[in-house]
Amino acid sequence: MSAQTSERFVDAVEIRGANPLRDPRDRRLPRVAGPSGLVIFGVTGDLSRKKLMPAVYDLANRGLLPPGFSLVGFARRDWEDQDFAQVVHDAVREHARTPFREEVWTQLAEGMRFVPGDFDDDGAFEQLRSAVEELDAYRGTSGNFAFYLSVPPKFFPKVVRQLKKHGLADAPEGSWRRAVIEKPFGHDLASARELNAVVHEVFDPEQVFRIDHYLGKETVQNILALRFANQMYEPVWNRSFVDHVQITMAEDIGIGGRAGYYDGIGSARDVIQNHLLQLLALTAMEEPIAFDAESLLTEKLKVLRSVRLPEDLGAHTVRGQYAPGWQGGELVPGYLQEEGIAPTSRTDTYAAIKLEVDNRRWAGVPFYLRTGKRLGRRVTEIAVVFQRAPHSPFDTTATEELGENAVVIRVQPDEGMTVRFGSKVPGTSMEIRDVSMDFAYGESFTESSPEAYERLILDVLLGDANLFPRHQEVEESWRILDPIEEHWERHGGPAQYRSGTWGPEEADEMLIRDGRSWRRP
Ligand code: BG6
């Protein structure tokens with residue numbers, strides 16, 4: 001075990017043996033799932049292998065799953081239970097966060113079952129029902145099952161209806177059934193509404209957990225801690241002090257092997273509709289009356305409903321597509337040269353949009369959102385940029401060099417926060433220069449951060465819906481994005497930008513017109 005791994009494992013060892021019977025509302029104690037099982041549809045996909053299977057193992061390894069926890073895979077493969085267990089084993093070995101421990105694995109593997117079949121196959125769903133009943137009888141899962149739909153949205157209606165038809169969606173007396181749904185949740189408002197209607201034919205809203213993995217990230221949850229566990233930020237977190245907000249999600253990777261998913265969807269639907277609008281909601285919302293799902297929904301929804309688009313979408317939105325360029329010392333192909341992409345594709349791989357939140361706290365404060373693939377480096381951050389001091393007693397030349405105060409929440413990769421402010425430069429004159437004060441998770445805490453999917457899967461098993469967007473939020477986000485997508489559709493293709501840069505020039509011009517500039521993280 002490397003030094004780093006052993007340090008990261010500390011929290012796992014400490015909480016093994018925790019009493020699963022303690023009050024789950026007591027947040028000072030580890031939250032441990034009660035008797036339950038997870039069924040994954042789309043178990044052969046990348047997400048399942050790289051994120052879901054390792055997350056299940058990591059939870060088991062940290063003592064957060066019950067001893068009889070069971071994992072059922074459903075896919076069109078000619079596998080036996082042990083073939084499935086082998087696939088999970090390999091995925092865990094390759095991608096798990098915590099070290100491999102034979103005894104944890106053995107216990108977990110005993111509860112693995114595989115059901116071969118496709119979604120039209122009634123026989124396969126009957127077999128799934130038998131598997132669930134058998135696990136209840138022999139592993140003590142107590143009828144508590146979550147069904148994870150890690151499949152393209154076109155299959156959601158089929159799968160949920162099959163679950164209903166075969167009695168799997170209805171929980172036996174005293175137990176629960178939940179559906180976990182991966183994005184993309186629709187393609188626009190109309191399709192999202194249709195999907196929601198189908199899902200709610202079968203499951204009540206409280207049974208449905210929509211995954212936005214950004215909400216599972218520690219630093220994203222910390223936005224609320226920062227704002228509402230302290231006194232010093234809230235008084236200035238408003239239009240009287242804030243000049244504007246920039247939310248950036250930049251990636252250095254291209255689309256990899258995901259042409260089939262990505263082309264025709266593009267960056268705005270892929271991440272602005274969900275991750276970035278959720279970040280905006282958390283940054284702008286009022287304090288919830290309690291930290292529970294209903295109160296969070298109420299406040300986030302109010303923000304999303306207050307979002308107003310600029311009238312001139314041509315001037316205040318930009319979309320781009322990466323062209324070949326140098327990245328990490330290597331010449332990388334452009335989007336149109338990627339395997340599986342038509343040379344005429346107009347899909348955006350970069351998007352920048354300006355929004356306003358029309359309420360008393362934020363009226364007139366622009367929120368600039370941007371995202372892109374093949375940008376300079378991977379970074380996600382929220383920068384709250386403050387107005388300049390209205391007056392300065394220092395001599396003008398020095399003051400002009402002063403930048404703006406900013407609070408920057410660094411979501412990844414250097415999780416933490418930076419506060420920028422002006423400070424006197426040592427010397428005999430009163431020269432002021434901007435400096436930064438940093439808080440880094442790695443330095444301040446010995447506890448390690450769980451992977452987003454660990455947190456979210458555990459929450460599903462605990463029935464804790466705080467970190468899951470509800471259907472109203474999803475629909476509201478599409479309401480914001482649809483007119484932008486329609487505008488882009490009507491007005492030519494995306495602007496090209498060289499890979500390894502910070503996006504198209506048009507995006508810089510968009511901010512210059514407002515007398516501002518993008519941060520270079
Ligand atoms: C996913 C998008 O939701 O988030 C991907 O579909 C993107 O295109 C990914 O690469 C980024 O996630 P993370 O956690 O690496 O920032």
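Atoms within a ligand are numbered from 1 in the order they appear, just like the ligands themselves. The structure presented is a predicted model; accordingly, all values stated were derived computationally and were not measured. Nothing fancy with the numbering, it's 1 onward along the sequence.
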N/O donor to acceptor pairs below 3.5 angstrom from side-chain atoms of residues 274-284, sequence neighbours left out:
| residue | atom | partner | partner atom | Å |
| --- | --- | --- | --- | --- |
| N274 | ND2 | D270 | O | 3.1 |
| H275 | ND1 | D212 | OD1 | 2.7 |
| Q278 | OE1 | K300 | NZ | 2.9 |
| Q278 | NE2 | E473 | OE1 | 3.0 |
| T283 | OG1 | L279 | O | 2.7 |

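Every side-chain hydrogen bond (donor to acceptor under 3.5 Å, both in side chains) that D46 has, sequence neighbours left out, goes to R49, K50. The side chain to side chain contact (heavy atoms under 4.5 Å, CB included) search around E194 returns none, not counting sequence neighbours.
Ring geometry for F439 against Y441 counts as tilted: the plane angle lies between 30° and 60°, on a 0 to 90° scale. Between Y497 and Y322, the angle of the ring planes goes over 60°, which puts this pair in the perpendicular group of the 30/60° scheme.
Residues of the protein with a heavy atom under 4.0 Å from ligand 1 are K183, H213, Y214, K217, M249, E251, R258, Y261, D270, V271, H275, K373, R378, Q412, listed by chain and number.
For the pair I480 and L304, the tightest heavy-atom approach, listed with the atom from each and the gap, is CD1-O, 3.7 Å.
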